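For reference, the structure is listed below as structure tokens.
On a predicted model such as this, the values are computed, not experimentally measured, just so you know.
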Amino acid sequence: MLMPKKMKHRKQQRGKRGGIEVRGTVLSFGDFGMKALDRGWVTARQIESARRAMTRCIKRGGEVWIRIFPDKPVTTTSAETPMGSGKGTLDHFVAVVRPGRVMFEMGGVPEALAKEAMRLASHKLAIKTTFIKKDT
């Protein structure tokens, strides 16, 4: 699974998720892509699951690019822990996704196959997505 090699701080605050994406809104590498329509956190497990779904659908032909990276640590406290015992331990990593962000790109495959692969991958994610293609 994806996770940062080093972190400056082990625990982060949750932060705000407002606004729309400014960077990473156009296709840069492939001919087809998956763009986010919602805002939210996409976990490293979801990213890996979507990647596997895409690569298996295209039978390892073509190429897949992942344009998001889970660099935000999320902490959880154990069950039945009383209030006031500090922040919990590191549990998993998430990528913060805003509307308009291109999350995955694909190239070297026909459009119908790419659309089906992106559809299968979108079911693995917790946010709504749409299929986009490069303007020629």
- Task: Could you tell me whether Glu48 and Arg52 make a salt bridge, using a distance below 4.0 angstrom between a side-chain N and a carboxylate O?
- Result: yes
- Close side-chain approach of Val74 to Trp41, heavy-atom, < 4.5 Å: yes
- Query: In the hydrophobic cluster built from side-chain contacts under 4.5 Å, what are the other members alongside Phe29?
  - Reply: Trp65
- Item | Flag side-chain contact, heavy atom, 4.5 Å: Glu105 against Leu27 | yes
- Task: To the nearest 0.5 Å, tell me how far Thr77 OG1 sits from Met83 CE.
- Result: 9.0 Å
- Are any non-hydrogen side-chain atoms of Met106 and Ile58 less than 4.5 angstrom apart? yes
- Query: Taking everything shown except His9 itself, do over 12 heavy atoms lie less than 6.0 Å from its NE2?
  - Reply: no
- Task: Would you mind reporting whether Leu37 and Pro99 have side-chain heavy atoms less than 4.5 Å apart?
- Result: no
- Tell me, do Ile66 and Arg51 make a side-chain contact under 4.5 Å, heavy atoms counted? yes
- Message: Side chains of Gln46 and Lys124: any donor to acceptor distance under 3.5 Å?
- Response: no
- Item | Atom NZ of Lys133: over 12 foreign heavy atoms under 6.0 Å | no
- Take atom CZ in Arg45; do more than 12 heavy atoms of anything else shown fall under 6.0 Å from it? no
- Would you say Lys128 has more than 12 foreign heavy atoms packed within less than 6.0 Å of its NZ? no
- Query: Would a 4.5 Å heavy-atom cut-off, applied to side chains only, mark Leu2 and Ile47 as touching?
  - Reply: yes
- Considering only heavy atoms from C-beta outward, does the side chain of Glu116 approach that of Arg119 to under 4.5 Å? yes
- Would you sort out whether Ile68 and Arg101 count as a side-chain contact (heavy atoms from CB on, under 4.5 Å), showing the intermediate values? CA-CA 9 Å; Ile68 54 175; Arg101 177 74 186 198; 3.8 Å; yes
- Query: Hey, are the side chains of Met7 and Phe93 touching, using non-hydrogen atoms and a 4.5 Å cut-off?
  - Reply: yes
